[in-house]
Amino acid sequence: MKNRKRYTFLITHFLLLIIYMGMPAITKAQDSSHIRISLLTCTPGEELYSTFGHSAVRVTDSLSKTDIVFSYGNFPSYEDGFYLKFIRGKLLYYIDYEDFQDFVNDYQTDDRGITEQVLNLTALEKINIDEALLENIKPENKFYKYDFFFDNCTTRNRDIIINNDTAHIFFTPAMPAGTTFRQAIHLYLDRNNKAWSKLGIDLMLGKPCDAVMTTAQSQFLPDNLMVTFDSCKSSTPLVLSKKDLYPYTAIQSSFSLFTPNFIFWTLLLIIIVLSFSPAAFARNFLLGFDGMLFFLTGFFGLVFIFMWTCTDHTLCQDNFNLLWAWPTHIIMALFVRSKNELVKKYFGLTAIALALLLAVWFFLPQQMNNALLPVILLLIYRSTARCITPTNTL
């Protein structure tokens, strides 16, 4: 039934477009396109992929009695090799469309707000946008290479509107001057209490994420595009009207101690206390812990190198987290029990290098996640223990 409605919609639209294109030019000037174009901006959801909100384009045709929402940013989770393609940055996203009421029902189910901005466009501009969307949903055109910052569901909507709008070209920045990409996404992660997601993102995204955004670049976030559309005008405003189609009140998340900061500082304290214990179980535990600590640190270093060199994620390049996550640690983890002088010198060098890193922590070209500070201190502490303390006593 749903497929039949889709096919009917496509056929009707193409026929109407053919008829319209054959009308005299004066008819176009009077806006007899019967089309209304709106930008829909949806509030963030609970899942990480929806934390930053969503944008879509609504096309309402009073002649064909259709009300369709075109939405970029869909991904085929059923596809073979989905996770590998996603990790390597080779997963293709696509545009899809659905009835407006179905779209609203989906977001109401998830209790996510929807704001509509009806755009002030000429008849020809509306027709061109409609045609462009219909062209994009063709099977041979619907898939595209996704980029979170530069080619996502919001930037695609902006481009298809602005490229077909000849009158409105001025934008007011939606964020303070000097805001970086990382700072922009931190606002949403902090607001939604996603401390672990914030840590994971900060671990994977390298120095390019700390570039200062231009006004156009900041529009990768749905809220920013909505704000800039509100301010976009020349002789006339771009937005004719604005309405909350499904307003909602955000529910404040309850306070939780289960954050990276709390967990890592607590872990550091426990290890320090255990290191002063004369009990045999404490010494054995610390040996096993040191092996695991340096193995995991080295493993993360290899992951950072892989994301930098073996994927299409350009924002994972130049990752300064490699200053503390040395890939060589994965090998040295096997020698935490060794009394060899070279091994001790290695751990001594590690302690000195990490101490220097702490000294310049807040001056690095890449903004580091402060939840890593107790991890760095832990690495320094255990490196020093491996360097100066005989293995049979600690």
Side-chain angles (χ1 to χ4, degrees), residues 87 196 199-200 202-207 260-311 316-366 368-394:
I87 291 172
W196 288 101
L199 174 61
D202 282 343
L203 286 174
M204 292 301 168
L205 298 184
K207 181 176 172 290
N261 257 314
F262 179 80
I263 297 299
F264 294 155
W265 282 110
T266 301
L267 178 62
L268 175 61
L269 179 61
I270 291 173
I271 296 302
I272 291 175
V273 171
L274 284 176
S275 67
F276 286 98
S277 173
F281 86 89
R283 293 196 300 271
N284 292 331
F285 174 83
L286 288 174
L287 279 173
F289 175 81
D290 288 350
M292 182 62 67
L293 174 65
F294 287 102
F295 179 86
L296 289 177
T297 304
F299 173 77
F300 275 109
L302 292 177
V303 171
F304 298 152
I305 291 177
F306 171 80
M307 296 299 293
W308 181 346
T309 61
C310 301
T311 74
C316 292
Q317 298 176 3
D318 302 330
N319 194 338
F320 277 62
N321 281 297
L322 282 166
L323 291 177
W324 62 267
W326 298 3
T328 50
H329 286 347
I330 203 168
I331 297 175
M332 299 308 295
L334 304 175
F335 297 96
V336 292
R337 295 175 179 270
S338 174
K339 299 179 182 180
N340 186 284
E341 286 301 316
L342 288 178
V343 173
K344 289 188 175 184
K345 288 180 179 179
Y346 174 88
F347 285 115
L349 176 63
T350 299
I352 294 171
L354 292 181
L356 292 174
L357 175 61
L358 283 184
V360 297
W361 185 261
F362 296 102
F363 304 98
L364 294 171
Q366 175 178 324
M368 309 294 277
N369 194 298
N370 289 336
L372 292 172
L373 288 173
V375 176
I376 307 300
L377 290 171
L378 187 59
L379 286 167
I380 293 174
Y381 185 62
R382 297 317 301 164
S383 294
T384 303
R386 295 296 107 218
C387 172
I388 66 175
T389 308
T391 307
N392 58 355
T393 61
L394 187 61

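Only this structure's heavy atoms are used, side chains among them; waters, hydrogens and symmetry mates stay out.
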Side chain to side chain contact (heavy atoms under 4.5 Å, CB included) partners of [X], counting only residues at least two apart:
{"X": "Phe262", "result": "Leu257, Thr259, Thr266"}
{"X": "Leu302", "result": "Pro327, Ile330"}
{"X": "Pro374", "result": "Phe264, Trp265, Leu268"}

Sub-4.5 Å side-chain heavy-atom contact between [X] and [Y]:
{"X": "Leu203", "Y": "Leu372", "value": "yes"}
{"X": "Thr311", "Y": "Phe306", "value": "yes"}
{"X": "Ile271", "Y": "Leu286", "value": "yes"}
{"X": "Ser338", "Y": "Arg386", "value": "no"}
{"X": "Leu377", "Y": "Tyr381", "value": "no"}

Yes or no on side-chain contact (heavy atoms from CB on, under 4.5 Å) for Asp318 and Gln366, after CA distance, side-chain angles and deciding distance? CA-CA 9 Å; Asp318 302 330; Gln366 175 178 324; 5.9 Å; no

Worked check of side-chain contact (heavy atoms from CB on, under 4.5 Å) between Val336 and Phe347: CA-CA 9 Å; Val336 292; Phe347 285 115; 4.1 Å; yes

What side-chain donor-acceptor pairs closer than 3.5 Å can you find for residues 348-364, not counting sequence neighbours?
from, atom 1, to, atom 2, distance (Å)
Thr350, OG1, Tyr346, O, 3.0
Trp361, NE1, Asn370, OD1, 3.2

NZ/Lys207 to SG/Cys316 distance, rounded to the nearest 0.5 angstrom?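 If I round to the nearest 0.5 Å, the distance is 15.0 Å.
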
Working to the nearest 0.5 angstrom, can you tell me the gap between Leu267 CG and Leu293 CG?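 Between Leu267 CG and Leu293 CG, I get 8.0 Å after rounding to 0.5 Å.
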
Shortest non-hydrogen contact from [X] to [Y]?
{"X": "Met204", "Y": "Met307", "answer": "SD-CG, 4.0 Å"}
{"X": "Leu379", "Y": "Ser383", "answer": "O-OG, 2.6 Å"}
{"X": "Arg382", "Y": "Phe289", "answer": "CG-CE2, 4.4 Å"}

Partner of His329 under ring-ring contact (aromatic ring centres under 6.0 Å, His included), chosen from Phe299, Phe294, Phe295: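 When Phe299, Phe294, Phe295 are each tested with His329, the ring-ring contact (aromatic ring centres under 6.0 Å, His included) holds only for Phe294.
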
Evaluate side-chain contact (heavy atoms from CB on, under 4.5 Å) for Leu274 paired with Phe285, printing each intermediate quantity in order. CA-CA 9 Å; Leu274 284 176; Phe285 174 83; 3.6 Å; yes

Can you list everything that forms a side chain to side chain donor-acceptor pair (under 3.5 Å) with Trp308? Sequence neighbours excluded, please.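 Partners of Trp308 under the side chain to side chain donor-acceptor pair (under 3.5 Å) test: none.
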
According to side chain to side chain donor-acceptor pair (under 3.5 Å), who are the partners of Asn321, at least two apart in sequence or on a separate chain?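 Side chain to side chain donor-acceptor pair (under 3.5 Å) check on Asn321 returns Asn319, Trp324.
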
